Every structure is written in C-alpha cells, then in structure tokens.
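Have a look at the structure below before the remarks.
Source: prediction; values computed, not measured.
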Protein chains: 2
Amino acid sequence: MTFDPDQRRSGCPVSCSLDLLGDKWSLLIVRDMVFVHKRYFKEFLTSDEGIATNILTDRLGKLEAAGIISKRPDPDNGRQVIYTLTDKGVALVPLLVELVCWGALYDNAPDADADIVRSISKDKQRFVNKLTNAIQR
Amino acid sequence: MTFDPDQRRSGCPVSCSLDLLGDKWSLLIVRDMVFVHKRYFKEFLTSDEGIATNILTDRLGKLEAAGIISKRPDPDNGRQVIYTLTDKGVALVPLLVELVCWGALYDNAPDADADIVRSISKDKQRFVNKLTNAIQR
DNA sequence: CTGTATCCTTAGGGATACTG
DNA sequence: CAGTATCCCTAAGGATACAG
C-alpha cells in the first residue's frame with residue numbers, strides 16, 4: 001500500500017496536506033503518538049474519542065502509506081507491533097500545536113488549561129522543540 | 001444554525017478543532033479567504049479542487065455556525081453576499097501556514113516554491129502577521 | 001494481541017435542475 | 001447570483017465476529 005500522488009485534488013500545499021490529513025481521525029492518532037507516546041494498536045483504541053478497530057486499521061495503513069508513520073515488530077514481544085513516527089510525522093508537531101492553541105483559545109475546548117495554553121502560544125517554538133525531542137523513534 | 005458543543009467527541013483541544021475543521025473542504029475555503037481574498041460564493045467555486053455547490057453551501061453554513069466566518073449583504077449589490085472571516089477565523093492563519101510548510105517541505109506539493117517556503121518556515125511569525133494584516137473584514 | 005472481515009447504517013459528495 | 005433540492009452512488013464508520 002503506497003500513497004498515489006495522482007489522487008491529489010490540486011498541487012496546492014494546503015490541499016495536498018488535507019488530502020492526507022483532512023479527516024477526523026488521522027491527526028488524533030498522531031496526537032496520541034506525540035503527546036502521550038502511544039505506540040501500540042490497543043493503546044490507540046483507549047482514547048476518549050473511541051476509534052473503531054476497522055477505522056484504526058485503515059488509518060494506520062494510510063498514515064504508513066503516506067510515510068508519516070512506520071511499523072516494526074516489538075523486539076520484546078514478536079507478536080506486538082510498534083508504530084512510530086517518521087521524520088515526516090514528527091514534522092507535524094507544529095501543526096498539532098496550532099490545533100491545540102486554536103481549539104483552546106478560540107473554540108473553548110473543555111479539557112484545555114487556559115493558563116498553560118496562553119504560555120504555549122507565547123513561545124510556540126520552545127514547546128514544539130520540547131515535544132519533538134521527547135518523541136521516541 | 002448554531003454549532004452544538006454536545007457533538008464534540010471529547011474535550012481535547014485537538015479533537016475539538018478537528019470536529020470543526022477535520023474534513024477535506026472547510027480549510028480550503030478559509031485558505032481562499034486568507035491567501036487570495038475570496039469573498040463571494042462564485043469565487044470559491046473556481047478553485048482548482050472543484051468544490052460542488054451543495055458542498056460549498058453546506059460548509060459555508062457550518063463555518064458560520066462555528067463562528068469562523070460571517071456573511072452580510074454586499075453594500076454595492078444587494079443580491080450579492082460577502083463572506084468574511086471573524087476573529088476566530090483569522091486566528092486560523094498560523095494553522096494554514098503550518099499546512100503550507102508541511103505540505104511543501106515534507107509532502108512535496110507540486111505548486112509550492114521551495115525557496116519561498118524555506119524562507120517562510122524560517123520566520124513563520126512574520127509571515128503570519130503579514131497575512132493577517134492583509135485580511136479584509 | 002493485532003488485526004480482518006462482515007454487516008449495516010449514515011454521511012459525504014458529484015451532477016444537475018431549479019428557485020428567489 | 002446565491003443558493004436549494006433532488007438523485008444517486010460511494011465513502012465513512014459503528015458493531016461485532018473472527019482469524020493468524
């Protein structure tokens with residue numbers, strides 16, 4: 001399964017990004033990998049939004065086809081699979097930070113701590129670096 | 001038509017943002033407003049991606065319900081309607097800039113000028129300010 | 001445990017015609 | 001011009017069972 005660039009709706013970078021990420025689930029998987037270091041199939045199933053197994057399978061496949069994540073067997077347990085972010089996936093951290101700030105500051109997301117988000121939005125780059133460095137490959 | 005916060009899948013700010021913006025069309029409309037100052041129904045129909053009239057109607061309604069855009073009659077032509085970004089909509093500019101940079105630098109979007117995108121990614125804030133100030137309300 | 005497969009319902013969306 | 005409405009097909013997705 002590889003992503004077909006001919007399916008792009010246009011050459012616009014915004015459009016190309018949305019071709020891969022423009023749905024309600026893909027970025028939630030990346031979020032879980034970035035913010036809470038989830039790596040296993042079952043871990044993604046436990047998030048509050050309640051993704052179904054078939055949707056999770058589909059999105060993991062599409063994210064891998066897009067080169068955003070990669071999978072390998074868990075060295076500690078051959079029957080487990082570990083999903084990790086590629087460089088292309090890690091590069092989504094700034095985008096996720098913007099989604100957090102906008103949702104918190106402008107859409108009043110209930111779970112957001114206003115003080116923390118204000119401090120993040122004052123120095124996004126620092127927060128992006130901190131998150132990026134904490135990601136396990 | 002107003003947005004119903006009870007339909008949120010969770011309180012997470014990323015999830016809340018995606019509840020409103022997580023599809024393939026909504027952010028393209030905002031993109032057209034931010035980058036090429038489109039304001040009229042017909043203008044949105046002419047973009048490369050080819051949005052259908054029923055989808056455009058639906059998304060304009062949802063964006064308005066979410067408080068991201070507002071509509072008013074064109075003072076120069078009472079039968080025309082002008083769509084403009086609210087403060088909440090203008091606040092999406094940083095997110096759009098991230099979509100541009102990621103699509104260009106990591107997803108090889110054909111229409112992106114690599115040199116320009118590199119210069120943007122070196123000082124995103126400057127570019128965000130420039131775009132934000134150029135938006136007509 | 002990690003998925004696949006199936007069933008079934010709903011949502012998305014293209015094409016087109018039509019209304020104020 | 002700015003939408004609405006309709007038709008119709010496909011994609012998305014929830015629930016559940018099942019396989020390697």
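Nearest nucleotide to the A/T57 side chain, out of C/dT4, D/dA2, D/dT4: C/dT4. Considering only side-chain atoms of A/V81, the nucleotide from D/dA2, C/dT2, C/dG13 that sits closest is C/dT2. Side-chain proximity of A/K62 to the nucleotides C/dC1, D/dA12, C/dT16 is greatest for D/dA12. Considering only side-chain atoms of A/N54, the nucleotide from D/dG14, D/dT16, C/dG13 that sits closest is D/dG14. For B/I55, taking side-chain heavy atoms from C-beta onward, the closest of the listed nucleotides D/dC1, D/dG13, C/dG14 is C/dG14.
Atom CG of B/L56 is separated from atom C1' of C/dA15 by 15 Å (rounded to the nearest Å). Atom CZ in A/R79 sits roughly 14 Å away from atom C1' in D/dA19 (whole-Å rounding). For the pair A/L60 CG and C/dT2 P, the interatomic distance rounds to 11 Å; values are reported in whole Å. Rounded to an integer number of Å, the gap from B/D23 CG to C/dG13 C1' is 11 Å. Between B/L28 atom CG and C/dG13 atom C1' there is a gap of 14 Å when expressed in whole angstrom units. Rounded to whole Å, atom C1' of C/dA11 lies 15 Å from atom CG of B/D19. The separation between B/N77 atom CG and C/dG20 atom P is 19 Å, rounded to whole Å. Protein atom CG of B/D58 is 10 Å distant from nucleotide atom C1' of C/dA11, rounded to whole Å.
The structure places CG of A/L28 at 7.5 Å from CD1 of A/I51, a figure rounded to the nearest 0.5 Å. B/R39 CZ to B/I82 CD1: the interatomic distance, rounded to the nearest 0.5 Å, is 5.0 Å.
Side-chain contact, B/D87 with A/Y106: no donor N or O sits under 3.5 Å from an acceptor N or O.
Between A/E98 and A/K124 there is a salt bridge, since at least one side-chain N of the basic residue sits less than 4.0 Å from a carboxylate O of the acidic one. Taking the charged nitrogens against the carboxylate oxygens, B/D23 and A/K24 have no contact shorter than 4.0 Å, which rules out a salt bridge.
Contact check, A/R59 against D/dA12: no side-chain N or O comes under 4.0 Å of OP1 or OP2.
Residue B/K42 is the one, among B/K24 and B/K42, whose nearest nucleotide of DNA chain D lies closer to the 5' end (criterion: closest heavy atom).
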